[in-house]
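Structure first, commentary second.
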Amino acid sequence: MHPETAPQLCVIEGDGIGHEVIPAAITVLQRVAPDVTLHHRQAGWEHFQTHGTSLPTETVQMAQQCGAVLFGAASSPAYPVEGYFSPIVRLRRTLQAYANLRPATHLPVPTSREGVDMLVVRENTEDLYIGHEHTEDEGQVGIAEKVITRTATERVTRLTYELAVRSNRKKVTIVHKANVLPQSDGLFRRVALEVAGYYPEITTDELYVDTAAYWMVKEPTRFDIILTPNLYGDILSDMAAAWGGGLGLAPSLSLGDNIAIAEPVHGSAPDIAGQGIANPTAAIMSTAMLLEHYWQRPEAAQRITNAVRKTLAEGDHTVDIYTQGAISTAKFTARVCDNLH
Ligand code: XYM
C-alpha cells in the first residue's frame, strides 16, 4: 500500500510460541526484504501479568504509525479477569483491520489434502467479538451481544470481491445462519449479496454455517472463497487449516485501509512453548502475505512461499506434522533460508 516509502514493521511476539515463531519469521523476512525497519513492542497475557495491561497504548500507537504489524499469539484466559481483554481482538478492531484473510492451500506434507485451495475471509471488527458481555441472576445467566452492521459488511464484502478479481478466483460462498438470526446474519447476507451483484464475473453462492462445516469436512475442494462473520470465520478457518496440513502451516493477514496485521492462525500453544519445536511456517507465510498484499512485493512473497514449499517437499518438518525425523524451529527456519532463491 505504501510501495514508495521505507517499510516499517511493528513486531509483537505476544505469548507462548509467539516468542519462537516470530523471531523465525523475522529471520526469513530480513533475507528477502532487508530494508524493513523493525519496531518491537509488547502485548499479551504475560505483559498483563507484569504490567497490568494486555495492550499498552504505545503498542497501538506504534502499530498505527508503522501500518504493518506482525503478531505472534495471545494466551487469553477462558475465565473473566478484571481489566483484561484479548489484545489481538482489540488491536484488529482499534486499527479497523476489517478483513482477515485465512488461506488454506495444499502443501507437500502428508497431512495436507490434494486439490485444496480455499480462502476464508473473516469479518474482523464486530459480531460477538465486540466483547459486550455481562451476567445476570447472580452469575447464572451469561449474555453476549452480537452486532452486524451494513458498514462493516459492505467493506469486507467489497474487499473480498476485489481480491477475488485480482487473484483470479472464481467463486465466493457467503456463509451465515440467517434462518435462525434473520436480523443480524440476515443483514450480513442481504448486504453481502447486494455488493456481490456488482461483480457478475464472480460466481456467488451461500451456505448456512452448519452445512458449510459439513461440506468443508466432506469435500473441501469445492470451496474457493468463503466470506463470513467473525465467529464463524474463526471456527471455519481452523477447519480449513486442517486441510492445508495443520495449524502450524496456516497464515493470516488482517487488512484494513492502510493497515495490515500478519498473524499465524494458531495460538500460543502453552503445551509446547519454550521447547524450540514450534512450527514457524504459519508465521513465515504470514509475512509473505504482508509482502504480497500490503507492501506490494509479490516477487518477495513468492520467494518465501517457494522456499517453504521446497523445504517441506524435501521432507523437512517440525513435530506437529509428524514426529519421525522432526527438526527444531531453528533448524527448520535455517532450511527455509537455505532454500531462498
Ligand atoms: O487468546 O483469531 O486472545 O483465532 O482466537 C483470537 C486469542 S483470540 C487470544 C483467533 C483468535
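The shown structure was predicted, so the numbers you read here are calculated from the model rather than taken from an experiment. We count ligands from 1, going down the list as the structure has it; atoms in each ligand are counted the same way.
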Enumerated ligand 1 atoms positioned under 4.0 Å from heavy atoms of [X]:
X    : answer
S86  : 3 (O), 8 (S), 9 (C)
R122 : 2 (O), 4 (O), 10 (C)
A74  : 1 (O), 3 (O), 9 (C)

Of the listed options D234, I235, N230, D238, closest to atom 4 (O) of ligand 1 (non-hydrogen atoms)
D234

Region of H266 engaging ligand 1 - heavy atom pairs below 4.0 Å
neither

For ligand 1, does R90 get within less than 4.0 Å through its side chain, its backbone, both, or neither, judged by non-hydrogen atoms?
neither

R309 atom CZ: more than 12 heavy-atom contacts under 6.0 Å
yes

Would you find more than 12 non-hydrogen atoms of other residues, nucleotides or ligands less than 6.0 Å from Q183 atom CD?
no

Does ligand 1 have an atom that lies less than 4.0 angstrom from a heavy atom of R92?
yes

Below 4.0 Å from any atom of ligand 1, is there a heavy atom belonging to R102?
yes

Between the main-chain N or O of L55 and the side-chain N or O of T59, is there a donor-acceptor pair closer than 3.5 Å?
no

Hey, are R155 and T125 close enough side-chain-wise for a donor-acceptor pair under 3.5 Å?
yes

For a quick check under 3.5 Å, do Y232 and D127 share a side-chain donor-acceptor pair by atom type?
no

Between E292 and R297, is the closest basic N to carboxylate O distance under 4.0 Å?
no

So, regarding E263 and ligand 1 (criterion: nitrogen or oxygen to nitrogen or oxygen, under 3.5 Å), is there a contact or not?
no

Are any of the N or O atoms of Y84 closer than 3.5 Å to those of ligand 1?
no

Atom 9 (C) of ligand 1 has as its nearest protein heavy atom S76 OG, 3.1 Å

Is there a side-chain hydrogen bond (donor to acceptor under 3.5 Å, both in side chains) between Y98 and E126? Walk through the geometry before answering.
CA-CA 9 Å; Y98 55 80; E126 56 180 21; over 6 Å; no

For this output row, return yes or no: ring centroids of H317 and F332 closer than 6.0 angstrom.
no

